[in-house]
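The structure under discussion appears below in the form of structure tokens.
Small disclaimer: the values here were computed from a predicted structure and weren't measured.
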Amino acid sequence: QVQLVESGGGLVQPGGSLRLSCTVSGFALNAFHIGWFRQAPGKEREGISCMSSVDGTTYYEDSVKGRFTISRDNANNTVFLQMNSLKPEDTAVYYCAVHGSRISNVQAMCVMATKSRGGMDYWGKGTLVTVSS
């Protein structure tokens, strides 16, 4: 059985930090590209960050560049998203996802998965992040 389970969401004040985790089971994480996506109330899904499983190349959406960092721990089959300098507009449900194809352009993968959920192979159920004073 393939599963992705996010954790680490919660309430944080503007300027604060959170680290999201996504534990995967049923497959080897090192064989998959990874990504983090979010969806705010009343808005469409956004591709926040993606990372290549081949060479570690990363992509960050402009609104989070310099504030968020994607990483992975293959030994423990876990994906992370470190979020610093959080803003109220970061409030959303955050999802992790993986893709088994070793494509070279992770930016294109992230953008296409923003448009279509089928752009990634497996998705977690999400964790809510609320940034408010």
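The nearest pair of heavy atoms linking Ser49 to Cys110 is C-SG, 3.7 Å. Looking at every heavy atom in both residues, Leu86 comes nearest to Arg67 through CA-NH1, 3.9 Å. The nearest pair of heavy atoms linking Cys50 to Gly35 is SG-CA, 3.8 Å. Of all non-hydrogen atoms in Leu18 and Val129, the two that sit nearest each other are CD1-CG1, 3.9 Å. Ser116 and Arg45 make their closest contact through C-NH2, 3.4 Å (heavy atoms, listed as atom of the first residue, atom of the second, distance).
Between the side chain of Arg38 and the backbone N or O of Leu128 there is no donor-acceptor pair closer than 3.5 Å. Under a 3.5 Å cut-off, the side chain of Asn84 and the backbone N or O of Ser17 do not form any donor-acceptor pair. A donor-acceptor distance shorter than 3.5 angstrom exists from the side chain of Thr91 to the backbone of Pro88, with no hydrogens or angles considered. Glu6 places a side-chain N or O within 3.5 Å of a backbone atom of Cys96 that can act as its donor or acceptor partner. Side-chain atoms of Thr114 come within 3.5 Å of backbone N or O of Gly47 as a donor-acceptor pair. Under a 3.5 Å cut-off, the side chain of Gln39 and the backbone N or O of Lys43 do form a donor-acceptor pair.
Between Thr130 and Val12 the shortest side-chain heavy-atom distance does not fall below 4.5 Å. With a 4.5 Å cut-off on side-chain heavy atoms, Phe80 and Leu20 do not count as touching. Within the 4.5 Å cutoff, the side chain of Leu29 has heavy atoms near those of the Val98 side chain. Residues His33 and Met51 are not in side-chain contact: their nearest non-hydrogen atoms beyond the backbone lie 4.5 Å or more apart. Counting heavy atoms from C-beta outward, Val79 and Trp36 have side chains that approach closer than 4.5 Å. By the 4.5 Å heavy-atom criterion applied to side chains, Val93 and Thr127 are not counted as neighbours. Counting heavy atoms from C-beta outward, Cys22 and Val24 have side chains that approach closer than 4.5 Å. Counting only heavy atoms from C-beta outward, the side chains of Ile48 and Tyr59 never approach each other to under 4.5 Å.
In this structure, Lys65 pairs ionically with Asp62, as a charged nitrogen and a carboxylate oxygen lie closer than 4.0 Å.
Here the CG atom belonging to Leu81 is positioned 8.0 Å from the OG1 atom belonging to Thr69, to the nearest 0.5 angstrom. Atom CD1 of Ile70 sits about 8.0 Å away from atom CZ of Arg72, to the nearest 0.5 Å. For the atom pair CD (Glu61) and CD (Gln107), the distance works out to 10.5 Å, reported to the nearest 0.5 Å.
Ring planes of Tyr122 and Phe32: perpendicular class, angle over 60° (limits at 30 and 60°).
For Thr78 and Asp73, the side-chain atoms include no donor-acceptor pair closer than 3.5 Å.
The aromatic ring centroids of Phe37 and Trp123 lie less than 6.0 Å from each other.
At most 12 heavy atoms of other shown residues, nucleotides or ligands fall within 6.0 angstrom of atom CD in Glu44.
A side-chain contact (heavy atoms from CB on, under 4.5 Å) with Ser52 is found for exactly one of Thr58, Ile34, Asn105, Thr57, namely Thr57.
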